[in-house]
Amino acid sequence: MIKKYLKVVMIMATFLVVSVFSLNSKEIKADTSVLRTIQSVTSSPDSNQQNYIQQSANSQVLSKYEITTLNADLNQFSQSTDKKTGELLNAQFAVCVVDRLNGASIEDYSQNLFNTKQIGDKAHNKGILLVVAIEDKQYRVQLGDGWKGTVLNQDNIQDYVFGDSLTEMLRSENYDGAISQIVQRTIGIAGQEVTLAQPLQSYADAYQSIKVQEAIERSEYQKQLEDMVSILSHTIAIGFGILLGTFAIYAIARAVIEAIAIKKYKKVKEILDVDLSFNEDLEFLPNSVESLAH
């Protein structure tokens, strides 16, 4: 009987152990499933957001935070509209980071990549492409033909977008800061030509503020230059007047001296003429002065 009871107890114990293990196993699987679900949600991009950032395998230089921030700006930029008509321009701004240009010039590489990716639509051609070659240490903002004749051109990009601060950031390998500056300042210039989404308006305002300050400085410089020219003109006029006055005084003094000299010459000549005349008269006298003296 005891053996029979022991058997029953062992069977029951075994059943309990198996049940507990099975329950724990289900809980573990459930937790793993939840974890996978969380990972899937956090790593998947927003269905309404497009990814405008491309980095080659050997040039993963942008942080995840910066990629998210840049993509937010670039997606908002794609909502830019025409200032006059309010028409959606389908403007696209893409960023491509590569390790090297494989012997091509930065201009050719950017143009070829721009055409290959077909950035911006055909109707407006308002595409923008930033290419950064890490190992070659070169970068360029390539523009679609739709930007021709606007303030968004290579000259303004060179003056405003690229600068000492950018060079320093790239030299110190601060690619987050460098690429962010290029994107924000390029959008700022574009904002003078198109209507930007409200979150991007500050970039356009910053560019406008700098241009206003440059205009003020240019006006002040022009005023200083005009003042200097005016002072120089007056100085030259005064100098020229003094020179003319000196010349006039010299001419008058010379005329006076010449007149005095002529007058003296005439007097001397008259005296000499009288003396010569007297001597000539003596020659015609019958007796000399000496004989008369005797």
Side-chain angles (χ1 to χ4, degrees), residues 44-55 62 65-98 106-132 139-163 166 176-215:
S44 64
D46 188 336
S47 58
N48 295 324
Q49 297 282 310
Q50 291 190 37
N51 178 37
Y52 289 100
I53 312 294
Q54 179 179 328
Q55 300 182 92
L62 290 172
Y65 173 81
E66 189 59 35
I67 291 173
T68 302
T69 303
L70 286 172
N71 265 322
D73 282 352
L74 298 176
N75 273 275
Q76 288 171 344
F77 180 73
S78 68
Q79 301 303 311
S80 301
T81 58
D82 187 280
K83 278 184 177 291
K84 295 179 179 178
T85 66
E87 178 188 4
L88 187 65
L89 297 172
N90 296 316
Q92 292 181 322
F93 192 156
V95 176
C96 182
V97 182
V98 298
I106 186 66
E107 293 81 8
D108 290 343
Y109 189 96
S110 301
Q111 183 68 62
N112 291 335
L113 186 59
F114 184 93
N115 293 336
T116 301
K117 296 292 184 180
Q118 297 181 346
I119 301 170
D121 66 3
K122 291 183 179 180
H124 304 93
N125 206 358
K126 294 285 189 182
I128 304 174
L129 172 65
L130 167 61
V131 176
V132 180
Y139 45 91
R140 177 177 173 81
V141 175
Q142 187 67 38
L143 303 173
D145 290 341
W147 296 107
K148 284 185 177 179
T150 70
V151 295
L152 183 57
N153 53 56
Q154 293 300 334
D155 288 339
N156 284 333
I157 288 172
Q158 189 66 37
D159 292 341
Y160 177 65
V161 177
F162 304 154
L166 178 65
D176 278 9
I179 292 175
S180 177
Q181 174 177 307
I182 295 174
V183 169
Q184 291 178 8
R185 291 190 175 186
T186 302
I187 291 175
I189 301 177
Q192 312 308 307
E193 301 291 337
V194 302
T195 300
L196 300 172
Q198 189 57 41
L200 305 181
Q201 190 56 45
S202 60
Y203 303 155
D205 293 342
Y207 177 78
Q208 186 63 30
S209 175
I210 287 176
K211 285 301 173 182
V212 168
Q213 184 61 35
E214 286 180 355

> From Tyr139 OH over to Ile179 CD1, what is the distance, rounded to the nearest 0.5 angstrom?
Replying inline: 11.5 Å
>> Which heavy atom of Val161 sits nearest to which heavy atom of Gln181, and what is that distance?
In response: O-NE2, 3.3 Å
> Which heavy atom in Leu62 sits nearest to a heavy atom in Gln55, and how many Å separate them?
Replying inline: N-OE1, 3.0 Å
>> If I compare all heavy atoms of Ala204 with all of Leu196, which pair ends up nearest, and what's the gap?
In response: CB-CD1, 4.0 Å
> Taking atom CG of Asn90 and atom OG1 of Thr81, what is their separation to the nearest 0.5 Å?
Replying inline: 11.0 Å
> Do Gln154 side-chain atoms and Val141 backbone N/O form a donor-acceptor pair below 3.5 Å?
Replying inline: yes
> Are Gln92 and Lys117 close enough that a side-chain donor and a side-chain acceptor fall under 3.5 Å?
Replying inline: no
> Atom CG of Asp121 and atom NE2 of His124: how far apart are they, to the nearest 0.5 Å?
Replying inline: 6.0 Å
>> Checking the side chain of Asn156 only, and the main-chain atoms of Leu152 only, is there a donor and an acceptor separated by less than 3.5 Å?
In response: no
> If you look at every heavy atom in Lys126 and Gly146, which pair is closest and at what distance?
Replying inline: NZ-O, 2.9 Å
> Any idea which heavy atoms bring Phe77 and Ala91 closest together, and the distance?
Replying inline: CE2-CB, 3.7 Å
> Just wondering, more than 12 heavy atoms not from Gln158 lying within 6.0 Å of its CD?
Replying inline: no
>> For a 4.5 angstrom cut-off between non-hydrogen side-chain atoms, does Thr69 reach Asp176?
In response: no
>> I'd like to know if the side chain of Asn71 and the backbone of Tyr52 have a donor-acceptor N/O pair within less than 3.5 Å.
In response: yes
> Between Gln142 and Ser110, what is the shortest heavy-atom contact and its length?
Replying inline: OE1-CB, 3.6 Å
>> Using 0.5 Å steps for rounding, measure from the CG atom of Leu70 to the CZ atom of Phe93.
In response: 9.0 Å
> Which distance, rounded to the nearest 0.5 Å, do you find between the CZ of Arg140 and the OH of Tyr109?
Replying inline: 14.0 Å
> Can you name the one residue among Leu88, Asp82, Leu89 that meets side-chain contact (heavy atoms from CB on, under 4.5 Å) with Thr85?
Replying inline: Asp82
> Looking at Asn153, Ile128, Ile189, which hits side-chain contact (heavy atoms from CB on, under 4.5 Å) with Trp147?
Replying inline: Ile128
> Could you state the interatomic distance from CG (Asp108) to CG (Leu113), rounded to the nearest 0.5 Å?
Replying inline: 12.5 Å
